[in-house]
Amino acid sequence: MSGLIADIGVRIDDFALDVAVSVDVGETVALLGPNGAGKSTTVRSLTGAIALERGRIELAGRELDAPTTPTFVPPHERRIGVAFQDALLFPHLDVAGNVAFGLERRRRGEADMWLERVGLAGFGSRRVSELSGGEARRVAIARALASDPHLLILDEPFAGLDAGARVELRRLLASQLPDLELPILFITHDAAEARTLADHLVVLESGKVTQRGAPSDVQRRPTSRYIADLLGTNLLTGSADAGVVRLDTEDIRDVEGGALELTIADRTVAGPVRLTFAPHAVSLHGSQPGGSPRNVWQARVGDLHDLVGLVRVHLDAPVPIVVDVTPGAIADLAIQPGSTVWVAVKATAFDVVSGS
Amino acid sequence: MTRPVQRNRQRPPGILLTLGLVGVLFFALPFVGLLRRVPWSNLVDVVSSEVVVDALVLSLVSSTMAALVCVVLGVPLAWLLARIDFPGRNVVRALVTLPMVLPPVVGGAALLFAFGRRGTFGGPIFDATTFVLPFSFWGVVVANVFVAMPFLIVTVEGALRGLDQRYEDAAASLGVSPLGVFWRVTLPMIGPSLGAGLVLAWARSLGEFGATVTFAGNLQGRTQTLPLAVFVELQRDRDSAVAISLLMVVVSLIVLVALRDRWWRR
């Protein structure tokens, strides 16, 4: 059995969606993007709620939608299981009734087996309204899997869950997803979730794919400021010459107020470059740091954001970057929104990629 | 969650309270008047007379059948109006709800001109089969359906529009055909509204007068329903009319109370 091969082209009013995504059997692909990027439209195109205007959808070797042939398989014959964002459990049925909904003769025994797999053994005769948010999501996943789909779509499975339920569901998915011999498409706006669960990321922005690749590659080399922000890393663009990069924005000021040039380790690269550097590769100082040749500039603190054991500092001027420091450093340097700090980045901290 | 403290509850504004109480009296006083005129001493004799029993049976059977016909035809019609965007949908919606505002006697006359023995459609039907719809039991049912179905359609269409269609999408993604989704998801989820529409249609049928008397006549044992019997008896024997009225109040109350827990609450 082969997986999903989709090339989706649809237009709804002023919004044009153009996304190609393939998912192999046993692979989890995350479709990552902000609200309004076209994630829901992608799901609706796959499930057959919307017909393609251009492109082709093939699943398990079967053509589902192709305007040119013109094949259009109706939603109920597509065998695409969806665990919907709001679970959408049928309120007039109990838990087992929901899971068995798509089963032939609605065998409750089989429903119980699926409930056990999602860690909800014994929940069969509960009312849907008695479930917590996390339990409802898991029932929705069991229901989608029980219908023996050829593709599983997890549509924002963590949205709206509290931290505990989120961790529990992530653990369940991390343990179960690899065992499912299915292509899995994971729809999310949360980069951290995408990174932990997916083998491959497809980043969608304004209806277009802006980057795709393994999570580690995308993380190390984001192609846009948006993706860098999404993944919690820093991206600056500029033009390199003999180990010196003049930034495109040209508004990083050095101590004397001139345009700052960043020093990179690689002296051979020339022309347009993207510099990526991790939030923990940046150090903050209360006064101008001296010593080794480093990239140093003065920055204004925008916002602080609590991470586990660390604080993420958003510097909004002269260029927006994020820096992870310890809570102790926050206190020592008296960092607060609006205060000024010195920033230092080693030349070796930059990951340099040619191209604009 | 704790309940808000009782003393925080505000007193309702005086004008709303007064007008609301006047509204209650408006409904209560007519029943007081009716109850005062009930011939309690010979009530059993009057109510068990042949005229009343015939009318009661006819009313219950015809209004129940009419309510069922309303469901069978009205639910699919409401579904089409709610879900299918066809040209002239608003015209169709206006047409099928017209009997709600039309005087029933006009509806009865229209039915007569269409399905009467010499009517536009009734004539050819009579020539072919010698079947005559008006002035028969089925004429009563047809008149009831004509005036009652709009109530069911309006109620069910509203419920269908209020239903989150993503539930139906979810059901389809589980491999269930559109008709299966309708049976197994759409209908159960609009169940309370369907029940309310059914009760409304039944109640409207039970009280139907104008269309019935125009289209089906007033033949005791065949087409004389309780409301028609009340009207006839009012001119002949006032005690009997009051007794039949009381009977209708009791039957209506029984139905309302029996269904209250199922459909009005939640």
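Bear in mind the structure is a predicted one, so any value in this text is a computation, not a measurement. The chains referred to below are lettered A, B, ... by the order of the sequence lines, with proteins before strands, and numbering in each begins at 1.
A distance-only check finds no donor-acceptor pair linking the side chain of A/Arg143 to the backbone of B/Leu174 [under 3.5 Å]. Using modelled atom types, no side-chain atom of A/His92 and backbone atom of B/Ile190 make a donor-acceptor pair closer than 3.5 Å.
For chain B, the option among A/Leu89, A/Thr47, A/Asp148 with the highest count of heavy-atom pairs below 4.5 Å is A/Leu89. Ranked by heavy-atom pairs shorter than 4.5 Å toward chain B, the options A/Val82, A/Asp86, A/Ile153 are led by A/Asp86.
Other residues, nucleotides and ligands contribute more than 12 heavy atoms inside 6.0 Å of the CZ atom of B/Phe86. The 12-atom threshold is not exceeded at CZ of A/Arg11, counting heavy atoms of other residues, nucleotides or ligands nearer than 6.0 Å. Counting heavy-atom neighbours within 6.0 Å of B/Phe121 CZ, excluding the residue itself, gives a total of 12 or less. Crowding of A/Arg127 atom CZ: a count of heavy atoms from other residues, nucleotides or ligands under 6.0 Å not exceeding 12. By the 6.0 Å contact criterion, CD on A/Glu116 is open, its count of non-hydrogen atoms from other residues, nucleotides or ligands being 12 or less. Few gaps surround CZ on A/Phe72; more than 12 heavy atoms of other groups in view lie less than 6.0 Å from it.
For the atom pair CD of B/Gln165 and CG of A/Leu88, the computed distance is 12.5 Å after rounding to the nearest 0.5 Å. Distance check, rounded to the nearest 0.5 Å: CZ of B/Arg166 to CZ of A/Arg44 gives 9.5 Å. Residue A/Leu46 holds its CG atom at 12.0 Å from OG of B/Ser173, rounded to the nearest 0.5 Å.
Neither the backbone nor the side chain of A/Ala140 comes within less than 4.5 Å of any heavy atom of chain B.
B/Tyr167 and A/Phe90 make their closest contact through O-CE2, 3.4 Å (heavy atoms, listed as atom of the first residue, atom of the second, distance). For the residue pair B/Val185 and A/Phe101, the shortest heavy atom distance occurs at CG2-CZ, 3.4 Å. Closest approach of B/Pro178 to A/His76, counting heavy atoms only: CD-CE1, 3.4 Å.
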